[in-house]
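Since the model is a prediction, treat every value here as computed from it, not as a measurement. The basis for the numbers below is simple: all heavy atoms, side chains too, and nothing from hydrogens, waters or symmetry mates. Whatever order the structure lists them in is the order used to number ligands and atoms, beginning at 1.
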Amino acid sequence: MTIKLGCIADDYTGASDLANTLTRAGLRTVQTIGVPAEDLALPDVDAVVVSLKSRSIAAPLAVARSREAETWLRGRGADHVLFKICSTFDSTDAGNIGPVMDALRDDAGETVVLVTPAFPETGRTVYQGHLFVGHVPLNESPLKDHPLNPMHDANLVRVLSRQSRAKIGLVDLATVVRGPEAVRARLADLAGQGIGAAIIDAAFDADLTTIGTVAVRHRVSVGASGIGLGLARALVESGGVKAAAADAANDAPVGGPAACLAGSCSQATLAQIAQAEKIMPVLHLDPEQILAGKDEARRALAWAIECLADDPVLIAASAAPEQVAAVQARHGREVAGHAIEQTMAEIAEGLVQAGVRRLVVAGGETSGAVVDRLKIPAFLVGPEIAPGVPVLRTVGARSAEMLLALKSGNFGGSQFFLDALGLMR
Ligand code: ADP
């Protein structure tokens with residue numbers, strides 16, 4: 001099995017976003033959790049996105065992990081490796097974008113690496129190398145106050161120069177709008193000047209297509225889901241992907257009991273739970289019992305197992321803001337959050353042991369805890385339930401195949417749980 005596009009994402013949600021973008025653009029895509037084992041049996045796919053948690057760790061460690069991922073991807077035939085970063089270029093002068101880019105560039109023998117976090121449909125544009133978040137430059141956006149990596153400079157040529165061993169250049173918008181040939185000519189110029197990486201401007205969706213057309217013939221690129229979209233378009237255009245090939249085995253129903261877990265306390269999730277109460281049994285966990293060390297997971301599982309044969313169930317820790325604030329005031333935000341996440345993970349594990357094969361999880365951190373506990377190595381990305389929330393099919397798991405939906409708090413319409421169960425057969 002040969003993959004066309006390998007991606008290394010520096011965080012989990014960024015990886016999911018990219019995997020979903022590639023799928024929508026027509027690539028059959030698997031997202032792995034960490035660097036996969038050598039023997040991971042992949043279905044027939046075009047792209048693999050390896051999710052790392054390397055955005056804010058020490059640069060040498062980020063480089064080592066990224067290189068492991070790169071070796072795995074190249075070993076499966078990936079000609080091009082995209083290093084997926086945040087669309088707000090989250091990093092510090094110590095890295096990790098520059099150091100990882102330098103390592104991948106060395107390994108691939110790349111002349112000039114194309115770099116752009118632009119994704120115009122989500123308001124990220126780059127002009128004269130300056131990144132804009134909506135209407136404002138990066139350094140005037142909320143990212144200026146980010147707790148881990150405050151972004152005080154919108155000029156990405158400068159930002160990347162501080163992180164990288166390479167000399168950094170610019171491919172400006174005036175060149176991009178003249179099309180792929182003009183970009184290639186500019187890159188040849190830059191290479192002649194000893195430049196090793198270039199920030200490339202993009203203000204409109206069509207610019208991503210031009211960038212993808214050029215980048216796909218390189219070995220390495222760096223950027224957010226926007227350049228991923230450009231690369232996917234170029235691969236689809238080249239006709240070498242399996243996009244249209246219906247793969248019956250991968251669309252086969254999974255069946256078995258279904259359950260939903262909610263750990264998000266967002267407005268959207270609270271409204272979705274209220275809707276779900278009308279159509280399925282719902283159990284509300286008591287956070288005070290969890291924090292007192294009582295076995296809420298066991299109580300929830302006993303309740304769920306009674307109902308599961310007949311109906312999908314929903315188990316929710318979610319509460320209104322004033323109740324959440326009260327719990328946090330008594331126990332501390334982190335202690336409360338962690339304890340509740342772990343209880344949700346334990347419930348998920350018990351549900352799977354009881355035969356659940358279709359699981360919907362609301363909440364970003366909650367989803368992370370559940371996926372870790374279930375030790376799922378990878379997912380094949382399926383159709384979207386709501387924008388940004390695809391159906392995921394487990395790949396290479398020790399237990400039977402499952403379908404999951406992992407939703408960040410604010411995503412999805414009011415019927416989200418019903419919509420998810422409708423698509424997860
Ligand atoms: P979102 O995607 O909405 O941010 P997360 O799962 O990432 O959702 O975060 C929600 C956090 O709130 C988790 O740490 C979860 O354990 C915690 N939580 C859930 N229910 C409660 C509650 N009733 N009181 C306090 N914290 C809660």
Side-chain angles (χ1 to χ4, degrees), residues 11-17 19-20 31 33 51 53 55-56 86 90 142 146-148 259-277 282-297 299-301 303-304 313-351 359-374 376 384-390 392 404-414 416-417 419-420:
D11 89 335
Y12 178 82
T13 44
S16 306
D17 180 50
N20 192 45
Q31 176 188 358
I33 314 301
S51 335
K53 283 187 192 156
R55 186 171 295 166
S56 307
C86 185
D90 294 19
H146 191 283
L148 298 177
C260 307
L261 296 174
S264 163
C265 301
S266 68
Q267 288 299 325
T269 302
L270 294 175
Q272 289 157 356
I273 295 169
Q275 286 297 321
E277 308 237 29
V282 177
L283 178 75
H284 292 273
L285 300 176
D286 181 345
E288 287 301 338
Q289 293 289 321
I290 293 173
L291 284 148
K294 297 279 171 4
D295 204 342
E296 274 288 271
R299 178 174 81 91
L301 285 168
W303 172 86
V313 296
L314 167 60
I315 299 171
S318 320
E322 55 285 358
Q323 290 162 290
V324 173
V327 168
Q328 290 178 338
R330 274 195 290 276
H331 304 279
R333 177 195 297 259
E334 282 206 5
V335 170
H338 181 75
I340 295 168
E341 284 160 29
Q342 289 309 310
T343 299
M344 298 306 264
E346 201 178 325
I347 294 171
E349 195 176 24
L351 288 170
L359 188 64
V360 182
V361 187
E365 293 299 324
T366 308
S367 296
V370 167
V371 168
D372 283 350
R373 183 69 67 102
L374 296 180
I376 296 168
E384 270 186 321
I385 301 159
V389 193
L392 302 171
L404 283 98
L406 306 174
K407 179 188 91 81
S408 280
N410 273 318
F411 285 34
S414 66
F416 176 78
F417 290 110
D419 295 344

Contact with ligand 1 for Q328, non-hydrogen, under 4.0 angstrom: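 Under 4.0 Å: no for Q328.
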For ligand 1, which atoms, with element, lie under 4.0 Å from some heavy atom of [X]?
X    : result
G409 : 1 (P), 2 (O), 3 (O)
S408 : 2 (O)
T366 : 6 (O)
G364 : 1 (P), 2 (O), 5 (P), 6 (O), 7 (O), 8 (O)
G337 : 14 (O), 16 (O)
P287 : 23 (N)
A319 : 23 (N)
E365 : 5 (P), 6 (O), 7 (O)

Rounded distance [0.5 Å steps], [atom1] in [X] versus [atom2] in [Y]:
X    : Y    : atom1 : atom2 : answer
E296 : H284 : CD    : NE2   : 12.5 Å
L404 : L261 : CG    : CG    : 9.5 Å
I347 : Q342 : CD1   : CD    : 11.5 Å

Working for side chain to side chain donor-acceptor pair (under 3.5 Å), residues E365 and H338: CA-CA 9 Å; E365 293 299 324; H338 181 75; over 6 Å; no
Give the residue, atom name and distance (to 0.1 Å) of the protein heavy atom nearest [atom].
atom                    : value
atom 8 (O) of ligand 1  : G363 CA, 3.4 Å
atom 27 (C) of ligand 1 : I340 CD1, 3.5 Å
atom 11 (C) of ligand 1 : G263 O, 3.9 Å

T269 side chain vs G409 backbone, donor-acceptor pair below 3.5 Å: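 Confirmed, T269 side chain pairs with G409 backbone.
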Any donor-acceptor pair under 3.5 Å from Q272 side chain to G413 backbone: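 Side chain of Q272 to backbone of G413: a pair is present.
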Protein non-hydrogen atom found under 4.0 Å from atom 14 (O) of ligand 1: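 Answer yes: something from the protein, a heavy atom, is under 4.0 Å.
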Close side-chain approach of Q267 to P321, heavy-atom, < 4.5 Å: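 In short, these two side chains touch, coming nearer than 4.5 Å.
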Side-chain touch F416/Q275, heavy atoms, less than 4.5 angstrom: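 They are not in side-chain contact.
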E334, CD atom: more than 12 neighbouring heavy atoms under 6.0 Å: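 No - once you tally the heavy atoms of other residues, nucleotides and ligands closer than 6.0 Å, there are 12 at most.
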Test item: side-chain donor near acceptor, S264 and K407, under 3.5 Å: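 S264 vs K407: no donor-acceptor pair found between side chains.
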Contact (N/O only, under 3.5 Å) between E341 and ligand 1: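 N/O-N/O distance below 3.5 Å exists for this pair.
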Check: V324 N/O within less than 3.5 Å of ligand 1 N/O: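 No, since none of the N or O atoms of V324 sits under 3.5 Å from an N or O of ligand 1.
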Among P321, A317, S264, closest by any non-hydrogen atom to atom 23 (N) of ligand 1: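 The option holding the nearest heavy atom is A317.
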